[in-house]
Amino acid sequence: MKYWLMKSEPDDISIDDLRDSPNKTMSWQGIRNYQARNFIRDEIKVGDYVLFYHSSCKVPGVVGIASVVSQPQLDASAFEPQSRYFDPKSNPDKPRWWQVDIQFTEKLNQSVPLSQLKSDPALQDMVLVTKGARLSVQPVTAEEFTHIVMLGK
DNA sequence: GCCAACGTTGGC
DNA sequence: GCCAACGTTGGC
């Protein structure tokens with residue numbers, strides 16, 4: 001089982017939006033970065049654990065836990081001209097972008113802000129802290145995952 | 001709103 | 001294949 005961190009802008013989709021979705025599940029559409037796409041397409045498996053991260057907001061940080069509940073699927077929003085995620089270079093014969101479904105598990109009792117992640121000696125090797133500042137889907141170690149969840153209790 | 005960091009594009 | 005120009009992300 002693997003562990004991931006996924007970012008979302010809460011003004012767009014927040015942890016509460018995920019919790020309030022049908023079956024507490026959403027298709028994670030709109031990934032338009034190749035490195036993130038490769039993780040989604042090639043490495044993510046059903047049952048993997050996800051730290052849900054709020055970015056581009058007042059207090060960025062980890063706010064909850066989710067899990068992966070589908071195999072990778074084509075991201076059909078790339079084919080829809082009216083979609084904000086439309087990509088004319090992707091088409092069903094030559095798909096470029098992929099998605100998975102994720103399901104709400106729980107909201108942390110207290111969110112763990114980026115400032116805390118950055119200052120915690122146990123988390124200095126996190127992709128988020130080192131080089132992944134702009135990567136919207138990134139791997140997390142089991143130790144990092146457990147540690148962050150503990151901080152949020 | 002600014003801007004640093006980084007990714008992508010495209011000319012050569 | 002290099003690299004300049006440009007676009008995007010995301011913290012502050």
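Protein chains get the first letters and strands the later ones, always in sequence-line order, with residue 1 at the start of each.
- For Phe39(A) and Trp4(A), the distance between ring centers is under 6.0 angstrom.
- For the pair Leu135(A) CG and dG10(C) C1', the interatomic distance rounds to 13 Å; values are reported in whole Å.
- Distance CG (Asn33(A)) to P (dT9(B)): 11 Å, rounded to an integer number of Å.
- For dG11(C), one of the phosphate oxygens OP1 or OP2 lies less than 4.0 angstrom from a side-chain nitrogen or oxygen of Tyr53(A).
- In this model, the phosphate group of dG10(C) is approached by a side-chain N or O of Lys7(A) to a distance below 4.0 Å at OP1 or OP2.
- Distance OH (Tyr34(A)) to C1' (dT9(B)): 10 Å, rounded to an integer number of Å.
- With hydrogens and angles ignored, no donor-acceptor pair closer than 3.5 Å exists between the side chain of Arg32(A) and the base of dT8(C).
- Closest contact between the side chain of Arg96(A) and the listed nucleotides dG11(C), dT9(B), dG10(C) involves dT9(B).
- With rounding to whole Å, Gln138(A) atom CD is found 12 Å from dG7(B) atom P.
- As a whole-Å value, the separation of Asp12(A) CG from dT9(C) P is 11 Å.
- Nucleotide dG7(C) holds its C1' atom 16 Å from the CZ atom of Arg84(A), rounded to whole Å.
- Nearest to the side-chain atoms of Lys89(A) among the listed nucleotides dG10(C), dG10(B), dC6(B) stands dG10(B).
- In this structure the side chain of Asp75(A) never reaches within 4.5 angstrom of the side chain of Trp98(A), judged on heavy atoms.
- Nearest nucleotide to the side chain of Ser55(A), out of dG10(C), dC12(C), dT8(B): dG10(C).
- Note: CD1 (Ile31(A)) to P (dT9(C)) measures 12 Å, nearest angstrom.
- The aromatic rings of Trp28(A) and Phe52(A) sit perpendicular, their planes meeting at an angle over 60°, well past the 30° parallel limit.
- At a threshold of 4.5 Å between non-hydrogen side-chain atoms, the residues Tyr53(A) and Met6(A) do not count as touching.
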**side-chain contact (heavy atoms from CB on, under 4.5 Å) between Asp12(A) and Arg84(A), worked out** = CA-CA 12 Å; Asp12(A) 183 13; Arg84(A) 56 186 289 209; 3.2 Å; yes
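- At the heavy-atom level, Lys118(A) lies under 4.0 Å from the strands shown only through sugar-phosphate atoms.
- Distance, Leu128(A) CG to dT9(C) C1': 13 Å, rounded to whole Å.
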